[in-house]
Structures are given as C-alpha cells and as structure tokens.
Amino acid sequence: MDYSAAKALLEKYNQSHLLEYYGELDGESRRRLLSGIADIDFAAFENLTFHRKKEVGALSPADTVSLEEIEKNREEYYKTGLDAIKKGKVAAVLLAGGQGTRLGINAPKGTFNIGVNKWLSIFECQMRDLLRVAERAGFYPHLFIMTSVINDGQTRAFFKDNNYFGYDGGKIHFYMQKTAPAVSFEGKILLQEKCAPVLTPNGNGGWYSSLIEAGCGKLINDEGIEWLNVYGVDNVLQKICDPVFLGATLSSGLACSGKVVKKVNAEEKVGVLCKEDGLSTIVEYYEMPDRYKYETDAAGQLVYRYGVTLNYFFNVKKLNEVCASPLPYHLAEKKINCIKDGKVFIPEKPNGYKLETLTVDLVKLMGGCLGFEVVREKEFAPVKNMTGADSVDTARALLIKNGVQI
Ligand code: UTP
C-alpha cells in the first residue's frame, strides 16, 4: 500500500492520525507503517459501538444434564465417548493466546509454577489429564494449541523443553491467533511506535477461523475429526476430552455443549448458560437483569444457576457452516502503552480498549448448547489473579483437596 492509498483509507475510517509522524520517519519505518495499516481489518470497526450497553431479551433456562442425570447414565455416556475418542473423532484445542494481565507474569500463563514443594506448571497439570484419557483410549487425540504473537515462541519452547510432558509430540500442533488494533476511548487506533499501531491478541473467539487460516483444516478433514474440545489455559482442574461429557454431547444430538458449575450465589461474576429468545446463549454477569439474576424455582434454587467454565465441545461440520461470517468485537478496558504527544506514554489507569472476539459468541451460533454439570471443587480451579478470588492461592488449595501433590 502506498502513502496516498493509506491516506484515503484512513480518512474513510476517521483514523488519519496514524500518519501524524510519517514525515519524521526513515524509508524503512515508512514501509513498516504502511504495511501495518494495510494489515488492519478496518471493516470490523464499522460495527463497533462504543460504551454500548447490551439489552438482554427474554431468558429461559438452558438444556442441561444435571449431576444426578449424569450419574444415572454415566456408564453409557462413558462407553459412547471413549469409543469416539478411540476412533480418532475428537481433538482438543487449548486456548493459550491470552495476555494474562491480571496474573501479571512476564511469560505464558501455562508456564506458571502452581507447585509449592515441587515444580508443576499449569501446562503440565492439564497435559497429565489429557495423557490419562489417551492411555485409557489407547489413542492420542490431536491437540491444537492456540498461541498469540505475544507468547508463541516461549510456549513452543516450553513444550519442547519439557518433552511434551510425555505426550506424543507428533500429535501437538501450535498455531497463532490473529491480532486487532487497540483503540483510545474515542475509538482512535493507538500507536505503539511512531511507525506501528498497537496490535494485541484478538480475543479467544477467533480460535476456529485462526485454526483454519493456519492450514489445520486439512488435518482435521484427513483424520476424520468430528468434534473439537476447546478449553482455557486457566483451569488447573480442567478435564480434557472427558469421555462422559462427550458421550452426553453425542446423545443430546446438539452440535455444542459446555461444562457448567452451580454458581456460588446470584452475584458470582461468571457467564450463565441459558436461552435468550429461545436460543442458547451465555449471558455475562454484568448483562444479567436482576429479575433473572435472583429468580428461584420451587425448590429454592436459582433458575439461572449454571456458570460456564470454558470447556466446550464443538461439532466441526456445524462450525464450518457458522464460521463463514466474522464474530463481533467486544471492547475490553485496558492500560495500553502508546505514543502520546510524540513520546512513549505508560498509563497508570485504563486509557483505551482492546478489541476481543469471544468464544461465547460462537456458542450462540451453534443452534443449541447442552449444559453438562460438573462438581465445582473437582473440576473448576481458575487461575486469574495472584491472590484473592480465582487465584493461585485458591487453585493450589483445590489441587491439594483433589489429592494432587504440589
Ligand atoms: P481471559 O479472559 O482470562 O484473558 O482468557 P487473559 O488474556 O488470559 O487474561 P487477562 O484478562 O488479561 O487477565 C480466558 C482464556 O482465553 C484465552 C486465555 O489464554 C484463556 O485460556 N485467550 C484469551 C486467548 O487464547 N486469546 C485471547 O486473545 C484472549
């Protein structure tokens, strides 16, 4: 892209300030800036509404299999699920492209040592679980690991240095998610250097389109993979390719399912799996109107009691149908280092938005999502912060409770 094309494009989208320092730049920096501008998906900006508050439609509870129902059918679900794993119909997708800003470590979150008396990384905790399933099935499911421009090299090196935690290295495939520009509160793209916009990982919703763009669609097709088990790096009690969960999903006839836990109370800050205007969805805690948030049934339980844990099954055929159009961007308030008045500015409070696509938006497109209830203390130990709620401390306590030597 040359200067005049960039100028016209930026004028169209009200982003002309990106060329503010063009006159000061040398030839190489000018080329870098123009190529950075050419890479930005400006069309995505058109649908952004800043400071938008979402209106929630009419809610009803999700189709969910409760702990009691699962217990009744456990054996049958297990057999069905394990059989599908043996036949290679299932692969796992680890979402590990996040920045982990709340945890605040300068390395991929999965490399964090959750051990106390011994070294135990979050990645190792999760790989041990997948290994157990592979051994039971006598088959190693493929594992796709989504990284981002921020942590790709370190993540690959960590797996290699740890000999893939005893997993079949040939079955592990890394791919990088895409980036999106960060913007000021007024919607202006921020500059990281005078010759480069701020680009950050574009959220966890783009995992499937990035997987396909990385060329992994051929492997999925050639290997006959029909289901993808998508999970977050945060949870150290994550159960991956869980045969019982898979069996329940297959029996439901739905193209999507998610592991859910009972909320601790109505106020817990977790997305709730339910239906909105009859369609499966996840309503974020800050979007849930009070009339639904506190509603109870005849047994005194919350009607909207199932919180999501970022562990989903997605049917590949259905994904191929729904991923043709891009997901919307959400705005996440962040502190973003940038160029201000010609100098590097390091903010002390949030000064703009990161643009993120969310997996929950993909769930909405799947035409139905089965909730699969799991016992919180056994399967949900998120590591978001160093201390306090959902922290290293709470996760360590839960690992110990589950008999894991740390
Ligand atoms: P979070 O929403 O906790 O975001 O991610 P984060 O970036 O890891 O952490 P904070 O908010 O900055 O503290 C939930 C899951 O989605 C993945 C994360 O790696 C985690 O498994 N994720 C998030 C991505 O893979 N890519 C992203 O762009 C964002």
Side-chain angles (χ1 to χ4, degrees), residues 41 44 92-112 114 121-123 125-127 130 143-152 154-156 158-159 173-182 198-211 213-214 228-238 240 258-259 269-271 282 284-286 307-312 314 326-337 350 352-363 380-392 394-395:
D41 178 10
V93 181
L94 166 57
L95 305 181
Q99 285 181 287
T101 43
R102 283 170 285 176
L103 191 62
I105 58 162
N106 204 8
K109 196 187 261 188
T111 64
F112 183 79
I114 198 79
S121 67
I122 295 180
F123 281 140
C125 271
Q126 297 188 332
M127 290 307 293
L130 185 55
L143 168 63
F144 299 98
I145 301 181
M146 184 172 83
T147 62
S148 64
V149 63
I150 287 165
N151 63 23
D152 184 70
Q154 280 174 293
T155 306
R156 286 174 194 253
F158 193 78
F159 269 80
H173 318 276
F174 295 90
Y175 73 102
M176 241 203 273
Q177 72 177 92
K178 294 201 293 191
T179 53
V198 180
L199 295 172
T200 59
N202 67 346
N204 63 25
W207 65 267
Y208 190 66
S209 48
S210 295
L211 184 69
E213 273 183 42
L228 295 172
N229 181 207
V230 177
Y231 64 100
V233 73
D234 305 296
N235 182 2
V236 290
L237 289 178
Q238 195 78 265
I240 303 145
K259 282 198 169 184
K269 292 183 172 172
V270 63
I282 290 146
E284 292 299 343
Y285 64 91
Y286 49 82
V308 289
T309 63
L310 223 183
N311 186 328
Y312 299 101
F314 285 92
L327 294 173
Y329 276 119
H330 293 252
L331 305 168
E333 258 187 52
K334 298 271 171 179
K335 288 190 262 181
I336 304 160
N337 296 355
Y353 298 114
K354 251 186 79 180
L355 268 50
E356 296 188 326
T357 56
L358 301 179
T359 295
V360 298
D361 284 325
L362 196 52
V363 170
F380 192 46
V383 182
K384 298 284 186 192
N385 308 294
M386 213 41 109
T387 55
D390 298 342
S391 68
V392 172
T394 54

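Just so you know, these numbers use all the heavy atoms, side chains as well, and skip hydrogens, waters and symmetry mates. Whatever order the structure lists ligands and atoms in, that order sets their numbers, starting from 1.
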Should the proximity of [X] to ligand 1, defined as any heavy atom under 4.0 Å, be assigned to the side chain, the backbone, both, or neither?
{"X": "K354", "result": "neither"}
{"X": "T359", "result": "neither"}
{"X": "E356", "result": "neither"}

As an exercise, identify every atom of ligand 1 less than 4.0 angstrom from a heavy atom of [X].
{"X": "L310", "value": "14 (C), 15 (C)"}
{"X": "P201", "value": "28 (O)"}
{"X": "K384", "value": "1 (P), 3 (O), 14 (C)"}
{"X": "G232", "value": "21 (O)"}
{"X": "K334", "value": "11 (O), 12 (O)"}

- Message: So that I can tick it off, tell me whether E333 and K354 are bridged by a salt bridge, with the cut-off set at under 4.0 angstrom between side-chain N and carboxylate O.
- Response: no
Test your reading of the structure: does [X] have an N or O sitting under 3.5 Å from an N or O of ligand 1?
{"X": "G97", "answer": "yes"}
{"X": "L103", "answer": "no"}
{"X": "M146", "answer": "no"}

- Can the ring centroids of F123 and F112 be said to lie less than 6.0 angstrom from one another? no
- Y312-W207 aromatic ring centre distance below 6.0 Å: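 Between W207 and Y312, which both carry aromatic rings, the centre distance is not below 6.0 Å.
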- Item | Single hit among V198, I150, N202, V149 for side-chain contact (heavy atoms from CB on, under 4.5 Å) with T179 | V149
Distance to 0.1 Å, residue and atom name: give those for the protein heavy atom nearest to [atom].
{"atom": "atom 26 (N) of ligand 1", "value": "Q177 OE1, 2.7 Å"}
{"atom": "atom 11 (O) of ligand 1", "value": "R102 NH2, 3.0 Å"}
{"atom": "atom 14 (C) of ligand 1", "value": "D234 OD2, 3.4 Å"}
{"atom": "atom 23 (C) of ligand 1", "value": "G98 CA, 3.6 Å"}

- Task: Give a yes/no on ligand 1: does A96 have at least one heavy atom closer than 4.0 angstrom to it?
- Result: yes
- Item | From N235, T200, L355, L95 - option closest to atom 18 (C) of ligand 1 by heavy atom |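 Answer by nearest heavy atom: L95.
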